[in-house]
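Shown next, in structure tokens, is the structure this report addresses.
Naming: A, B, ... by sequence-line order, numbering from 1 per chain.
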Number of protein chains: 2
Amino acid sequence: MKTHALDGETVHQERNNAIAPRLEIEPGDTVVFDCPEPCGQVTPDWDDEKLAKIAFESIHALIGSVYVKGAKPGDTLQAEILDYEHKGWAWSGHLQHFGLLADDFDFAYIHHWKLEGEQCIFGLKDIVLPFEPFCGCMGVAPKEPGRVTTIAPGPYGGNMDIRDLRKGGTLWLPVFVDGALFACGDCHSGQGNGELCGTGIESPMTVTLRLSLRKDLSVQEAQFETPSPLSKADTAGYHATTAHGPDLMENAKNAARYMIDWLVNRYGLTRSQAYVLCSVAADLKISEIVDAPNFIVSAYIPLSIFKK
Amino acid sequence: MKTHALDGETVHQERNNAIAPRLEIEPGDTVVFDCPEPCGQVTPDWDDEKLAKIAFESIHALIGSVYVKGAKPGDTLQAEILDYEHKGWAWSGHLQHFGLLADDFDFAYIHHWKLEGEQCIFGLKDIVLPFEPFCGCMGVAPKEPGRVTTIAPGPYGGNMDIRDLRKGGTLWLPVFVDGALFACGDCHSGQGNGELCGTGIESPMTVTLRLSLRKDLSVQEAQFETPSPLSKADTAGYHATTAHGPDLMENAKNAARYMIDWLVNRYGLTRSQAYVLCSVAADLKISEIVDAPNFIVSAYIPLSIFKK
């Protein structure tokens, strides 16, 4: 079993099964991916004005692809998540025309984070989140030829933004083309279930994965295992907002709005700061989906992130 | 501060602000509610055939209402959740024309549980869930006159089926009528986020709540605080299925289907047993809700419930 490295100099910004692989490995080999800042452009000196002009066509900066020898359509690719290492800095923000509450927040706002050891430091009101890293994008090449945007996830995985694809976990993805052609990127140092403003704690990061094949396993879409505890922030209880109604999307929007109100009133954050904090720390859960005509979506924020 | 008791002999099966209160209390008083089996009819000897003929019009058997002196429209009712005690038995099941996968499971199936101390014993494959009780229904009287079904939740709370309304937590509800007219019932000894087959671990139970008023607080819909850890089952990691697509409801259905497949293949459960187990143990989460046009709903099941 070998360990390979892919530097962050060469990125691709699409899913496309015609892109030539950068690396060919045996199943069971380990690959260290040096993933740049997720959008391939943001730097610690960016302000709201620069963020408003972000080049959407450059998102995301993916590292790969990796050709896994012997992988055939119908197989399952297994990615064991061995390690994530941050580089001290991250950003979050909201953008025009993007995010769950795009209608309420129709402008750009950027927030910079300091990452120190196992802490993500918000820099306001003594708010500190645990470093809980994962790759927003992990995927194989799509079945169909041609360019596919990296923004939306698909049957091939991609920009799934699942906060629990953490160290110690294992991801399974269906293989659609020879070699699987795995690529990853869009590293987050933390994020709530939902990623509701559209960004997590966006971080350049080194990602170490062991890639192998499961000929004995079949999945139609991504499945994964993740270790306990689900969150290091689950130590001091949660405040939760709820919203009921016949449409899960509208309920999610309202639960998020109530949570933003609560954060603004309780901690004196601006609405933009509260929206970003929800995105990186609050979890959207489907509390009930059967009591028609009204379903409930709740937003949970861990109280341990507030020091006072 | 007094402690009052409401027996389980007199129930009401609707939300209606015209129902005369059974009890009048001072804010800050404690009430012990003896809540019968949630549907007011199921007994340990019921089989699938009996469940198929359940009287929907008798659901739910609520205990109350409680008139809280001084409560006025616009106030917030605070319910501190002090204790839940089970009575040794519970049931789960799926019904025709009800539940997330009603199209896939168009028949009735009942499963009986044994409750022992802090354990909910499934009785198959050594599956044991922690006793994590809550009231499915907690609510005040609606603003509008007339009968409202107890099935769907509303701005007044009601059948919210939120698994984290647990001992040690606090619920806040908006008050719509003088006295608030609080009632509760539909006790569950456990349930996943979503309650996807339509039942939790349905249990007769004694519920102890301290009811008070918050004139300083305003909520548009229910909000709550819940203690850590969120689940006692978060000790051995999770298996999770994911489903992507533009519609959260369809994604939830597919994530549930994949999880049922996984449980059937891995543990040899029947599809009905697996569906019920998902409802009581698996959590539906909105993993991402911003990467249009595809969002991801995931179903997580804790591996600690499987002893082998």
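- Put simply, the side chain of B/Asp291 reaches to within 4.5 Å of the side chain of A/Glu195, judged on heavy atoms.
- For the set B/Thr170, B/Thr149, B/Asn193, B/Asp161, the count of heavy-atom pairs under 4.5 angstrom toward chain A peaks at B/Asn193.
- Each of B/Gly198, B/Gly99, B/Ser231, B/Gly154 has some count of heavy-atom pairs under 4.5 Å with chain A, and the biggest count is that of B/Gly154.
- Contacts with chain B were tallied for A/Asp164, A/Asp283, A/Leu196, A/Asn265; A/Asp164 has the most, counting heavy-atom pairs under 4.5 Å.
- The distance from the CD atom of B/Glu288 to the CG atom of A/Asn159 is 6.5 Å, given to the nearest 0.5 Å.
- Contact annotation for A/Ala292: only backbone heavy atoms (N, CA, C, O) come within less than 4.5 Å of a heavy atom of chain B.
- Neither the backbone nor the side chain of A/Pro302 comes within contact range of chain B, judged by heavy atoms closer than 4.5 Å.
- Residues of residues 233-254 of chain B that come within less than 4.5 angstrom of chain A, heavy atom to heavy atom, are B/Asp234, B/Thr235, B/Ala236, B/Gly237, B/Tyr238, B/His239, B/Ala240, B/Thr241, B/Thr242, B/Ala243, B/His244, B/Leu248, B/Met249, B/Ala252 in numerical order.
- Proximity to chain A (any heavy atom under 4.5 Å) is shown, for B/Pro153, by both the backbone and the side chain.
- Among the candidates A/Ser298, A/Pro227, A/Ser287, A/Ala102, the residue making the largest number of heavy-atom pairs closer than 4.5 Å to chain B is A/Ser287.
- Looking at B/Val297, the atoms closer than 4.5 Å to chain A (heavy atoms on both sides) all sit in the side chain, from C-beta outward.
- In this structure, the portion of A/Phe98 lying under 4.5 Å from any heavy atom of chain B is its side chain and not its backbone.
- In summary, the side chains of A/Tyr258 and B/Gln223 do not present any donor paired with an acceptor at a separation below 3.5 Å, with no hydrogens or angles considered.
- If you measure heavy-atom distances from A/Ile296 to chain B, the contacts under 4.5 Å come from the side chain alone.
- Between chain A and the residues B/Pro293, B/Pro155, B/Ala299, the largest count of heavy-atom pairs under 4.5 Å involves B/Pro155.
- Pairs engaging residues 91-104 of chain B under the salt bridge (charged side-chain N to carboxylate O under 4.0 Å, His left out) rule: B/Asp104-B/Arg257 [sequence neighbours left out].
- Within a 6.0 Å sphere centred on NZ of B/Lys215, heavy atoms belonging to other residues, nucleotides or ligands number more than 12.
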